[in-house]
There are 2 protein chains.
Amino acid sequence: MITDSHLFKEINEQPAVIGRFLQEQNSTVKKLADAINAQEISHVVIAGRGTSDNAGRYAKYLLGAHNGLTVALATPSLFTLYKQPPKFGNALVLGISQSGQSPDIVSVLSEARKQGKLTAAITNEPNSPLAAEADFVIDLCAGDEFAVAATKTYTSELAAVALLSCHLANDSAKLEMLNQLSDAMEQTLALAETVSTYAPRFRYMEHCVVIGRGFNYGTAFEIALKMKELTYTIVEPYSSADFLHGPLAMIQNGFPAILVAPSGMLTGDFKEFAATLNERGAETIIISDDAEMLELARIPLRLPAALPEWLSPFTAILPGQLLALYLAHARDYDVDTPRNIKKVTETV
Amino acid sequence: MITDSHLFKEINEQPAVIGRFLQEQNSTVKKLADAINAQEISHVVIAGRGTSDNAGRYAKYLLGAHNGLTVALATPSLFTLYKQPPKFGNALVLGISQSGQSPDIVSVLSEARKQGKLTAAITNEPNSPLAAEADFVIDLCAGDEFAVAATKTYTSELAAVALLSCHLANDSAKLEMLNQLSDAMEQTLALAETVSTYAPRFRYMEHCVVIGRGFNYGTAFEIALKMKELTYTIVEPYSSADFLHGPLAMIQNGFPAILVAPSGMLTGDFKEFAATLNERGAETIIISDDAEMLELARIPLRLPAALPEWLSPFTAILPGQLLALYLAHARDYDVDTPRNIKKVTETV
């Protein structure tokens with residue numbers, strides 16, 4: 001039974017994990033925010049791989065839009081293989097890793113310490129090598145994650161970023177919205193039935209693209225990663241703007257495109273984009289709470305709860321996780337233990 | 001005749017364009033380097049789309065490794081759609097665009113000006129809107145590029161980045177190496193015959209991955225982009241490290257993987273990676289000058305000239321451009337005017 005899988009259970013644990021995380025880690029994250037503000041940090045360097053890198057993509061937009069910080073994703077090979085690490089300047093250096101084990105991510109934080117910079121780790125393993133290099137350790141509080149594909153640690157990583165953003169801005173109204181997130185996630189998980197009905201349609205799909213932008217740029221990457229890990233489909237993520245600068249050439253009749261398009265500042269732009277894809281005969285699968293946007297979809301996946309755009313990544317990822325789960329199941333793949341990959345990947 | 005196409009001619013113009021660029025723009029780039037050093041710039045923010053973004057990826061590694069600069073790729077939507085631009089801190093803000101037209105890229109530089117930051121533009125159109133926002137304008141000197149897919153402006157963008165790096169470090173030995181690059185590129189273009197022989201093998205290929213890392217991370221992205229634009233194949237670029245954190249699950253017997261692996265600090269790591277792919281039955285196409293590395297390939301594409309690793313992106317891209325050209329030709333596609341896309345793409 002698919003409902004007996006670790007993956008199914010962990011997807012469904014997410015509202016509870018977020019609630020626990022926000023309660024237990026609030027004071028630690030507040031202290032980190034205070035340290036950042038006290039040190040007049042001008043930019044942030046984030047190191048992560050895979051799912052954690054996608055949480056970093058969310059941070060790039062959220063900390064930029066709400067906290068005025070320029071965020072760079074790190075280049076770990078400069079620290080490990082090339083041994084020519086750049087200077088961090090007046091930066092916060094943040095490592096994100098479920099296991100806290102990957103040597104390349106650890107080495108970025110070690111170098112930051114050597115340079116005397118403020119360091120922080122977001123990890124599910126507060127006793128890991130990554131945590132040992134950090135001035136502030138934010139514990140994901142997700143409990144053991146048994147499925148190889150990360151789900152609950154991803155949304156908990158997003159929560160860590162969002163909580164940090166609220167405290168940096170000292171914004172109690174946003175903090176309040178964040179604290180009500182679990183309900184919206186719970187409602188969204190009810191999409192499981194719809195998604196499980198649609199999943200067999202994609203049984204023989206060999207490739208697709210996932211398009212997101214802004215706050216949901218990372219969501220597009222994370223949906224693509226789940227699809228690759230669990231269903232072995234060739235799935236490439238894009239920003240809608242980057243997609244127009246070349247890759248649009250690939251689109252032809254029947255080409256499947258998943259659009260991550262919750263309502264917000266990008267809605268107008270995204271409607272135009274969806275129309276462009278439809279004109280070229282793409283099969284559009286649209287994740288949104290906006291009725292007009294959903295009318296542009298061949299396959300609409302309606303988000304039941306309308307959230308402020310900066311919080312929409314917490315719910316918009318859920319139909320993506322569910323689609324990967326049910327499509328893997330439709331293909332009779334092992335959803336907990338995909339071929340080739342392991343839970344802890346150590347790269348240098 | 002394929003040799004009559006603009007694309008074929010522009011690919012073959014590259015050694016001459018680089019030579020012209022290095023001569024004509026040397027003093028401008030030197031002045032920019034002096035300004036950066038005088039202002040004690042701590043980090044760089046780069047805005048570009050498509051091919052120009054890939055030149056930005058090269059800058060991320062080169063300016064990091066040789067100049068100690070942390071480089072962030074910009075998030076243009078924060079400047080345009082969200083209207084919540086981050087603060088740049090003590091940054092150089094660099095726009096890269098062949099046409100200098102795309103409003104999102106221009107808006108990043110306008111905001112930088114508003115914040116009083118040092119700005120520079122790398123463009124083939126010194127009278128463009130992008131150039132108008134820049135304190136320093138670096139002209140790509142590539143002449144008109146008629147083919148929609150960028151080739152000579154890409155390598156000229158790389159040359160702009162490399163020239164800046166040499167002047168920032170005041171490194172006359174590296175500058176000398178850079179000035180001898182045209183010869184190595186000329187020799188590498190002789191691969192056209194080999195590549196045209198192999199191209200039909202991929203006539204029915206529907207997807208592949210391109211793997212590069214470090215200095216050649218951007219090369220992998222640019223090869224993937226040329227393949228998408230010209231051959232409409234689903235091609236996804238990866239760093240070898242990111243690939244192991246999940247996407248490796250996609251690999252099965254016969255899965256085509258292009259490895260961009262010129263000799264350098266990553267050679268040992270890349271040999272292990274190629275062996276991992278071979279064990280899982282991938283069809284490996286390897287671009288390298290290293291004999292042992294090439295022995296791991298089903299399809300070896302031997303780079304005739306051994307270059308220092310930081311210059312290898314100038315030659316490693318060429319077999320990729322040629323493969324996209326000849327594969328598009330094998331499919332009877334129009335190599336100068338691919339479907340769906342235009343030369344100048346304006347996104348916000």
Side-chain angles (χ1 to χ4, degrees), chain A residues 42-43 45 49-51 53 60-61 63-66 68-73 75-78 81-82 84-91 104 149 206-207 213-214 225 228-230 232-234 236 239 241-242 244-252 265-266 269 280 338-341 345 347-348, chain B residues 42-43 45 49-51 53 60-61 63-66 68-73 75-78 81-82 84-91 104 149 206-207 213-214 225 228-230 232-234 236 239 241-242 244-252 265-266 269 280 338-341 345 347-348:
Chain A
S42 65
H43 60 289
V45 178
R49 292 274 179 211
T51 290
D53 209 20
K60 203 166 168 168
Y61 287 86
L63 301 182
H66 290 187
L69 289 163
T70 293
V71 179
L73 301 182
T75 46
S77 64
L78 293 185
L81 298 165
Y82 290 111
Q84 293 178 302
K87 295 183 294 274
F88 287 113
N90 190 26
D104 45 0
E206 295 186 348
H207 52 252
R213 207 179 162 190
L225 184 57
K228 285 185 268 208
E229 289 176 322
L230 292 164
Y232 317 148
T233 315
I234 322 295
E236 191 168 5
S239 99
D242 287 328
L244 297 174
H245 285 262
L248 182 62
M250 294 183 304
I251 296 293
Q252 57 185 341
M265 297 297 285
L266 307 186
D269 204 55
R280 283 161 181 77
R339 69 185 184 201
N340 293 352
I341 56 174
T345 306
T347 47
V348 292
Chain B
S42 65
H43 61 288
V45 178
R49 291 273 178 214
T51 290
D53 208 20
K60 203 165 168 169
Y61 287 86
L63 301 181
H66 290 187
L69 289 163
T70 293
V71 179
L73 301 181
T75 45
S77 64
L78 292 185
L81 299 165
Y82 291 109
Q84 294 177 300
K87 296 183 294 273
F88 287 113
N90 190 25
D104 44 2
E206 294 187 348
H207 52 251
R213 205 178 163 192
L225 184 57
K228 284 185 270 208
E229 289 176 322
L230 292 164
Y232 317 147
T233 315
I234 322 297
E236 192 170 3
S239 100
D242 287 329
L244 297 174
H245 286 262
L248 182 62
M250 293 184 305
I251 295 294
Q252 56 184 343
M265 296 299 285
L266 307 187
D269 204 54
R280 283 160 180 78
R339 70 186 183 199
N340 292 353
I341 57 174
T345 307
T347 46
V348 292

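Below, chain A is the first sequence line, B the second, and so on; all start at residue 1.
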Which answer fits [X], side chain, backbone, both or neither, if we ask what part of it has an atom under 4.5 Å from a heavy atom of chain B?
X: A:V71; value: backbone
X: A:D242; value: both
X: A:T51; value: neither
X: A:I251; value: both

Atom pair [atom1]/[atom2] of [X] and [Y] - distance to nearest 0.5 Å:
X: B:F88; Y: A:L69; atom1: CZ; atom2: CG; value: 13.0 Å
X: A:K60; Y: B:L78; atom1: NZ; atom2: CG; value: 9.5 Å
X: B:L244; Y: A:T345; atom1: CG; atom2: OG1; value: 7.0 Å

**OP:** Would you mind reporting whether A:R339 and B:Q252 have side-chain heavy atoms less than 4.5 Å apart?
**Re:** yes
Original post:
Heavy-atom distance under 4.5 Å between the side chains of A:E236 and B:K228, does that happen here?
Top reply: yes
Choice from [options] maximising heavy atom contacts with chain B below 4.5 Å:
options: A:E206, A:E229, A:R49; value: A:R49
options: A:S42, A:G64, A:P338; value: A:G64
options: A:A91, A:G50, A:G246; value: A:G246
options: A:D104, A:T233, A:L63, A:T70; value: A:T70
options: A:S239, A:A241, A:G89, A:P85; value: A:A241
options: A:H245, A:Q84, A:M265, A:H43; value: A:H245

Original post:
Any idea which heavy atoms bring A:G214 and B:S77 closest together, and the distance?
Top reply: CA-OG, 3.8 Å
Original post:
Closest heavy-atom contact between A:D269 and B:V348?
Top reply: OD1-CG2, 3.9 Å
Subject >> For A:H207, all residues meeting ring pair (Phe, Tyr, Trp, His ring centres under 6.0 Å), sequence neighbours excluded >> reply: A:F255
